[in-house]
Number of protein chains: 2
Amino acid sequence: MTDGTTTENQISTHASSPFVDGYLAYLLAQASSRISREFHREVEASGLSVTEWRVIASLAGSDGESIGTLAQLALTKQPTLSKVVQRMEAEGLVERNGARRDRRQTLVRLTRKGRELADSLCARALRHQQAVLEPFGHDNAALLIGMLKDLIALHPPAAPADDGV
Amino acid sequence: MTDGTTTENQISTHASSPFVDGYLAYLLAQASSRISREFHREVEASGLSVTEWRVIASLAGSDGESIGTLAQLALTKQPTLSKVVQRMEAEGLVERNGARRDRRQTLVRLTRKGRELADSLCARALRHQQAVLEPFGHDNAALLIGMLKDLIALHPPAAPADDGV
DNA sequence: CCGTTTTCCATGAATTTTCATATTTTCATT
DNA sequence: AATGAAAATATGAAAATTCATGGAAAACGG
């Protein structure tokens, strides 16, 4: 569009349907699903589920997050997150309760093992992202990411105990 | 950006995390989740689950889709779709096997009741979409949608029997 | 400071989704 | 045609998610 980069549309080579083809929510969901799936193969090769990957990615570079925050970031309901984190603790990827000021909270953070896995996967994720964005060119890529951030900023996260996977 | 419309970023008022904040796959997933959730309240008020809504939205304006295609469109695995469609048939929203050339296939289409519900919800969905896109302005909105379509076109759907919710 | 309300998390039961696999039909070859 | 491989779906068992709820700590209001 700006230059020789992509932007001439025409939905996929595959399944389409009159209504959804122009429907933003559908396009977001499909794009999310397809882009993620490619990388999820690497994730699962590391022995993680997709939700577990989301958790360690959310914890990367953080000094600890609460269960509630992680549920938001990982797009699951709170009870799901509680159980996922318990599994991950058993596997030695995270530890719970690293000094929290509010004793209702469960503070979760990466163990050394978890951090190493997270760092490795995050690096690979960024390489994957580069490949995905390459056909758009630098400017369009920045535009896309900017608009997605705007969308997110304009729409508040789920109400407590609700989520919205 | 182009004009007075949104595009100055700064992630949400809420939960964020160093790595994911700039990660495309995460931004897509969050945006998808948040935008959809708002409308899903209306969907559930109509007595449909989110997956059921995706199915009737996918069937709107179509004269029938196979189970496999619907699974792609609805972002679920094929066995899930089979069961969802069976529930929907029991509720009188869809009918199965409207003359298919390949007798392995199960052709699914809307009943009158299903079509009425679909039309009503699709109309409301488009109004919701207008509201969501309004702050971006016409040109940026078109750009966003175009880039999402490009992303989708560049990334093929899941291999058979796999999906990638 | 005490009672009330709200927030945050854990847990058991129920539901949903997924995995593994069987069945039926089509396709390709010979 | 007949055989073997591939494709589309259904289904039971297993796993993951969600709902409903409960308990504990914090915040709030006299």
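These figures come from a predicted structure and were not determined experimentally. Sequence lines set the chain letters: A, B, ... in the order given, protein chains first and strands last, and positions in each chain run from 1.
One atom, CG of B/Leu75, and another, C1' of C/dT16, lie 16 Å apart when rounded to the nearest Å. D/dA6 atom C1' lies 12 Å from atom CG of B/Asp102, rounded to whole Å. Regarding B/Arg103, its CZ atom lies at a distance of 9 Å from the C1' atom of C/dT24, rounded to whole Å. In this structure, B/Gln86 places its CD atom 7 Å from C1' of D/dA10, rounding to the nearest Å. Note: CG (A/Leu81) to C1' (C/dC8) measures 13 Å, nearest angstrom. Atom pair B/Arg87:CZ and D/dA10:P shows a separation of 14 Å (rounding to whole Å applied). In this structure, the CZ atom of B/Arg101 is 13 Å from the P atom of D/dT9, given to the nearest Å. Regarding B/Gln78, its CD atom lies at a distance of 12 Å from the C1' atom of C/dA20, rounded to whole Å.
For B/Pro79, whose side chain is taken as the heavy atoms from C-beta onward, the closest listed nucleotide among C/dT18, D/dT18, C/dT25 is C/dT18. Side-chain proximity of A/Thr80 to the nucleotides D/dT17, C/dT18, D/dT9 is greatest for D/dT17.
Counting non-hydrogen atoms under 4.0 angstrom, B/Thr106 reaches the backbone sugars and phosphates but no base. Residue A/Ser49 is classed as having no contact, given no heavy-atom separation below 4.0 Å to the nucleic acid.
Across the interface with DNA chain C, nearest-nucleotide mapping of A/Gln105 and A/Lys83 shows A/Gln105 to be the residue nearer the 5′ end. Comparing A/Arg104 and A/Val84 along DNA chain D, the residue whose closest nucleotide (by nearest heavy atom) sits nearer the 5' end is A/Val84.
With hydrogens and angles ignored, the 3.5 Å screen pairs no side-chain donor or acceptor of A/Ser58 with any backbone N or O of A/Leu70. Side-chain N or O atoms of A/Ser36 include one that pairs as donor or acceptor with a backbone N or O of A/Ser32 at under 3.5 Å. A donor-acceptor distance shorter than 3.5 angstrom exists from the side chain of B/Glu52 to the backbone of B/Ser49, with no hydrogens or angles considered. The backbone N or O of A/Asn97 lies less than 3.5 Å from no partner atom in the side chain of A/Thr106, so there is not a single donor-acceptor pair.
Put simply, B/Thr51 has no side-chain N or O that comes within less than 4.0 Å of OP1 or OP2 on C/dT16.
Under a 4.0 Å N-O distance rule, the pair A/Arg87/A/Glu91 does not qualify as a salt bridge.
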